[in-house]
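Structure, as structure tokens:
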Amino acid sequence: MNNSWNAFIYKCWAPVYDFFFNRGLFYSARKRVFAQVNVREGSRVLFAGVGTGADLAFFPLDKIKVVAVDYSMEMLKKAKRKYPNIEFTRGAS
């Protein structure tokens, strides 16, 4: 994996990611997938590859503890703005 190339791609995608992936078929598919995930109240969840946090909307965030990790600082910045009460951290590739 070429880290500098990946960093460039994620930096470019960060501003427009939600526009493309939070609608239509992408949104419907993610909604169906996460509807099948049963997370018990009080659970601790590690969310790897959280990106802009688009998938966090499908979880009961007021009832679970989430630590979210992503490679891209740009993606994490967007996620932090949407979900200020979640712990976000940058992971290495």
Side-chain angles (χ1 to χ4, degrees):
M1 185 181 329
N2 183 326
N3 288 344
S4 60
W5 177 250
N6 286 338
F8 173 74
I9 294 298
Y10 290 128
K11 186 174 186 172
C12 292
W13 262 113
V16 297
Y17 184 90
D18 289 339
F19 177 80
F20 287 101
F21 292 100
N22 278 350
R23 61 184 63 220
L25 293 174
F26 290 111
Y27 180 84
S28 298
R30 288 188 359 262
K31 187 175 181 179
R32 280 193 310 272
V33 166
F34 288 115
Q36 298 174 39
V37 176
N38 186 14
V39 181
R40 285 185 288 146
E41 187 171 338
S43 293
R44 294 173 38 165
V45 177
L46 172 63
F47 207 112
V50 72
T52 64
D55 296 335
L56 293 173
F58 302 108
F59 288 85
L61 299 177
D62 59 332
K63 297 180 177 146
I64 61 175
K65 167 77 171 151
V66 174
V67 175
V69 180
D70 200 273
Y71 172 75
S72 168
M73 282 306 298
E74 288 77 12
M75 294 279 202
L76 287 172
K77 286 176 188 174
K78 288 196 75 163
K80 284 179 186 181
R81 283 194 294 270
K82 289 190 271 185
Y83 299 100
N85 296 327
I86 290 181
E87 180 183 343
F88 292 96
T89 189
R90 183 173 184 266
S93 62

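Numbers here simply count residues along the sequence, with the first being 1.
- Under the 4.5 Å side-chain heavy-atom criterion for grouping Ile, Leu, Val, Met, Phe, Trp and Tyr, Ile9 is not connected to Met73 through any hydrophobic cluster.
- Residues Phe58 and Tyr27 bring their aromatic ring centres within 6.0 Å.
- Leu25 CG: 12 or fewer foreign heavy atoms inside a 6.0 Å radius.
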Q.
Checking Trp13 against Phe21 for the ring pair (Phe, Tyr, Trp, His ring centres under 6.0 Å) test, could you report, in this order, the C-alpha distance in whole Å, the side-chain angles of both residues, the deciding distance, and whether it holds?
A. CA-CA 11 Å; Trp13 262 113; Phe21 292 100; 5.6 Å; yes
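- The aromatic rings of Phe59 and Phe47 sit perpendicular, their planes meeting at an angle over 60°, well past the 30° parallel limit.
- In this structure, Tyr10 has its ring center at least 6.0 angstrom away from the ring center of Tyr17.
- Side-chain contact between Arg81 and Lys78 is present, with at least one heavy-atom pair separated by less than 4.5 Å.
- With a 4.5 Å cut-off on side-chain heavy atoms, Leu56 and Ile86 count as touching.
- Within the 3.5 Å criterion, the main-chain N or O of Thr52 finds a donor-acceptor partner in the side chain of Lys82.
- Arg30 and Asp55 are joined by a salt bridge, as a carboxylate oxygen and a charged side-chain nitrogen come within less than 4.0 angstrom of each other.
- Contact check for Leu76 versus Arg90: side-chain heavy atoms found under the 4.5 Å cut-off.
- A donor-acceptor pair is defined here as one N or O able to donate and one able to accept, closer than 3.5 Å; no such pair exists between the side chain of Ser43 and the backbone of Val39.
- A cation-pi arrangement is present between Arg23 and Phe19, with the terminal nitrogen or guanidinium carbon under 6.0 Å from the aromatic centre and inside a 45° cone about the axis.
- With hydrophobic clusters built from ILVMFWY side chains whose heavy atoms lie under 4.5 angstrom apart, Phe26 does not share a cluster with Val37.
- Of the candidates Ile64, Leu61, Val67, Val45 forms a side chain to side chain contact (heavy atoms under 4.5 Å, CB included) with just one, namely Ile64.
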